[in-house]
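This report refers to the structure that appears directly beneath it.
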Amino acid sequence: MARLVIVSNRVAVPEEGGKAVAAGGLAVAVKEAFSSYEGLWFGWSGTVTENPTEEPTLIDRGRVQYAVVDLSPQDHKEYYAGFANRALWPIMHYRLGLGAFSRSDYSGYSRVNRTFARALAKLVEPDDIIWVHDYHLLPLASELRGLGLANPIGYFHHIPWPAADVFNSLPASGDLLRAIADYDLIGLQTDPDVQNLSRNLIDTMRAIPLGGGSLMVDGRRTRIRSFPIGIDVEGFKEAAEKAGSNKVVRETIAGLRTRKLLIGVDRLDYSKGVPERMEAVSSFFASNPDQRGNVTYIQITPKSRSEVPEYEQLAREVNETVGEINGSLGDPAWTPIQYVTKAYPRPVLAGLYRAARVGLVTPMRDGMNLVAKEYIVAQSAEDPGVLVLSKFAGAARQLPEALLVNPYDRFEVAEAIRTALYMSRGERLERWKPMAERMTREDVDWWARNFLTELEHFRTVEREPPTAAQAAE
Ligand code: GDG
C-alpha cells in the first residue's frame, strides 16, 4: 500500500488504545485522508523547550506513525506567534493594518521550515506522497526539493489567498511565491482564491499558464485548483440527533423557556467578526424592541493565540462590547448575550446548533468556515433553523441558499436576523434542503479523495515536461 505523509504545524497524536484527541477540523480531515493509506503525520508536538533536538519523536499508532518535534522559545516566538500569526494570517485575511512584519520573525519562519524539512527528509521513502497543510509551511516543499526529494508534494491552504496587491504588501512575498511553486499541487478553498494566486504568479513571477490550472514557474510545473473542505457529515448529524440527552444541552434548552436562540461559535479571532456581530445583534434589538426578552444570543468563543498581542486586545474588546450591550439592554430576567470563552465538546455544540433557530456565521473574511456547515448538518429535517452567513466566508459559495450578508454592515445583519426569526417553516425547509444535500455530497471524505487522487497523478503523467505546443502557448 502506498504511504501518505501528512505535514502540519500541529499534530494531534491519539492516546494509546486508539482514543482520538478532541476532533478539530484538521484532525478530522487528516483522519479521513489516512482512511485509504498507511502513513506518517509529521509536525510540531505543541511543546516549547530550551534546546530541542532535531530528531523527531516517533510514536506508532496502528497504521499511522506520528513524528513530532519540539520548538525552542525563539522558534515559537518568531515562526509561530510572529511570522505565521502576526504577518501571514492578517495579510491573508485582508487586514493590512494588523500585519506586523519583522525580519527576525521571517528568518525564524524560514529556519523552522528548514529544520522541519531536514528532520522529515530522513523519514520519507521514494514512493511516498506528501501532503502539507497551511500557511505555517509555505516554503516546506522548496526546502525538501533542496534536499533532493522528488516525491509528489501537495499543499492545502486552509485560509483565504488574497488579491495580489494585498499579498505583495508583505515584504517576503516574492520569496514565498517562488517557494510555493515547488509544490506539484496547490489546493485552495475557492475559485476566487485560485484566481488570486494564479494571477499573482503570472504577473509577478512571469509564470506561464499551461491550461487546466497548471502553470510553469521558473522551469517548474505546478497546478492550482480549488478543493472546498467539507465536514464529517454522518458523525456530526448523529451527534446532533443524540444531543438531546446531553446535560448541558438539556439545561440550556430548558433555560430558554419560550425564547428563540441565536448561536455563534468561533475561535476568538478578529477574522471571525465577533464584536461586529454583537453590534449587529444590538441593532436588531434596538429596531425590534418587541423582541427584547424573546430572543437569546449565545456566543461560544474559545480563546486562541493569546500570545499574540492583537488577540489579547480583541478579548478585551469583546468583553467590553458584551458588557455594554447586556448592561444597556438586559434586565434581571433576561440577558441578551450569553458569552462563554470555554471550549465545549463537539456533541454539545451539535446539540446547541440544532436548538438554535438562527446560526450566525459572519466572519469578516474566512477561508471556508466549518461552523456554517456544521450548523446546516445539525438541523432537524422537519423544522430546520436559518443560517445567516457572511458573503466573505468561502462556505458562502456552497451555501447560497443561506441569508448572505455583508458583515461590515450591522444594519444588514440585523435585518437578516429579523428575516430569519420570522421566516415560515416552508421557506426554511426550501432553503435548508439543497444545502444539506450539498454538504452530504461534498463532505470531508469527498474533499480528501479529490485532493489525493489528483496528487497521485504527479507520480507519473504530470511530472513530464510540457509539450512543445503548451510551452509555445
Ligand atoms: C481554519 C480556517 C477553514 C469551535 N469552538 C469549539 C469547537 N470549534 C470548532 C468548530 C469548527 C472548528 O472549531 C473551527 O473551524 P472554522 O472553519 O470555523 O475556523 P478555523 O479554526 O479558523 O479554521 C477556516 C478551516 O481552517 C478548515 O479548512 O474552514 O476558514 O480559518 O469545527 O466546531 N470545537 C469544540 N469546542 C468548541 O468550543 N469541540
Side-chain angles (χ1 to χ4, degrees), residues 8-10 12 20-33 84-85 88-90 92-95 131 133-136 155-162 187-190 192-193 226-233 235-236 239-240 243 246 248-249 252 263-274 277 298-305 311 339-354 356 359-378 387 389-390 392-399 439 442-444 447-448 451:
S8 61
N9 171 56
R10 282 293 299 274
V21 287
L26 183 67
V28 172
V30 170
K31 185 167 159 259
E32 204 55 59
N85 285 327
L88 282 175
W89 179 272
M92 294 288 190
H93 286 86
Y94 289 73
R95 298 295 285 269
W131 189 3
H133 287 262
D134 233 359
Y135 59 101
H136 314 86
Y155 170 78
F156 187 75
H157 191 69
H158 289 256
I159 64 178
W161 197 286
L188 299 166
Q189 299 273 26
T190 67
D193 294 330
S226 68
F227 297 88
I229 193 167
I231 63 166
D232 167 21
V233 171
F236 214 84
N246 180 285
V248 179
V249 175
T252 309
I263 196 158
V265 174
D266 313 77
R267 266 187 318 100
L268 184 66
D269 194 298
Y270 48 79
S271 66
K272 304 291 182 186
V274 175
R277 184 184 310 156
I298 296 182
Q299 176 64 49
I300 297 176
T301 304
K303 292 224 163 112
S304 72
R305 304 180 192 165
Y311 287 72
Y339 172 57
V340 284
T341 57
K342 86 176 194 208
Y344 285 87
R346 279 172 86 74
V348 172
L349 290 188
L352 295 179
Y353 289 143
R354 192 175 176 91
L360 290 178
V361 183
T362 55
M364 313 317 277
R365 197 57 80 163
D366 217 326
M368 178 53 60
N369 196 298
L370 300 180
V371 171
K373 297 187 167 186
E374 291 164 0
Y375 178 78
I376 291 297
V377 163
L387 176 64
L389 177 60
S390 162
F392 302 126
R397 306 185 72 79
Q398 288 167 293
L399 299 168
M439 293 304 92
E442 301 176 359
D443 67 353
V444 67
W447 167 79
F451 189 95

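Scope of the values below: all heavy atoms of this structure, side chains included, with no hydrogens, waters or symmetry mates. Each ligand, and each atom within it, is numbered from 1 in the order the structure gives.
Of the candidates H158, R365, K272, K272 brings a heavy atom nearest to atom 20 (P) of ligand 1.
In this structure, the side chains of R365 and R95 stay at 4.5 Å or more apart for every pair of heavy atoms. Contact of the I300 side chain with the L352 side chain is registered, since non-hydrogen atoms from C-beta on lie closer than 4.5 Å.
Contacts between L26 and ligand 1, counted as non-hydrogen atom pairs separated by less than 4.0 Å, are absent for every part of the residue. At a 4.0 Å heavy-atom cut-off, ligand 1 touches P302 through the side chain alone. Of all the heavy atoms of L349, the ones lying under 4.0 Å from any atom of ligand 1 belong exclusively to the side chain. No part of Y375 comes within 4.0 Å of ligand 1, judged by heavy-atom distances. When heavy-atom distances to ligand 1 are checked against a 4.0 Å cut-off, R346 comes that close through both its backbone and its side chain.
Residue F236 places every heavy atom at 4.0 Å or more from ligand 1.
Note that the CE atom of M364 and the CZ atom of R277 stand 10.0 Å from one another [nearest 0.5 Å]. How far CE of M368 is from CD1 of I231: 11.5 Å, rounded to the nearest 0.5 Å.
Contact atoms of ligand 1 toward W89: 31 (O) (distance under 4.0 Å to a heavy atom of the residue). Of all atoms in ligand 1, numbered sequentially from 1 with element shown, those under 4.0 Å from a heavy atom of Q189 are 3 (C), 28 (O). Near V371, meaning under 4.0 Å from any of its heavy atoms, are these atoms of ligand 1: 10 (C), 18 (O). In the vicinity of R267, heavy-atom distances shorter than 4.0 Å reach the ligand 1 atoms 20 (P), 21 (O), 22 (O). Those atoms of ligand 1 that come under 4.0 Å of a heavy atom in I229, given as number and element, are 27 (C), 28 (O).
At least one N or O atom of G367, backbone or side chain, sits closer than 3.5 Å to an N or O atom of ligand 1. Annotation: V265 places no N or O atom under 3.5 Å from an N or O atom of ligand 1; distance criterion only. At a 3.5 angstrom cut-off on N or O pairs, L370 counts as close to ligand 1.
The two residues Y311 and D269 have their closest heavy-atom pair at OH-OD2, 2.8 Å. Residues D193 and P160 come closest through the heavy atom pair OD1-CA, 3.8 Å.
With ring centers used as reference points, F156 lies under 6.0 Å from W447.
The aromatic rings of W89 and Y135 lie tilted to each other, with the angle between the two planes from 30° to 60°.
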Go through the steps for I229 and H158 under the test side-chain contact (heavy atoms from CB on, under 4.5 Å), then give the verdict. CA-CA 8 Å; I229 193 167; H158 289 256; 4.0 Å; yes
Between T190 and R397, does a side-chain hydrogen bond (donor to acceptor under 3.5 Å, both in side chains) hold up when you go through it step by step? CA-CA 8 Å; T190 67; R397 306 185 72 79; 5.1 Å; no
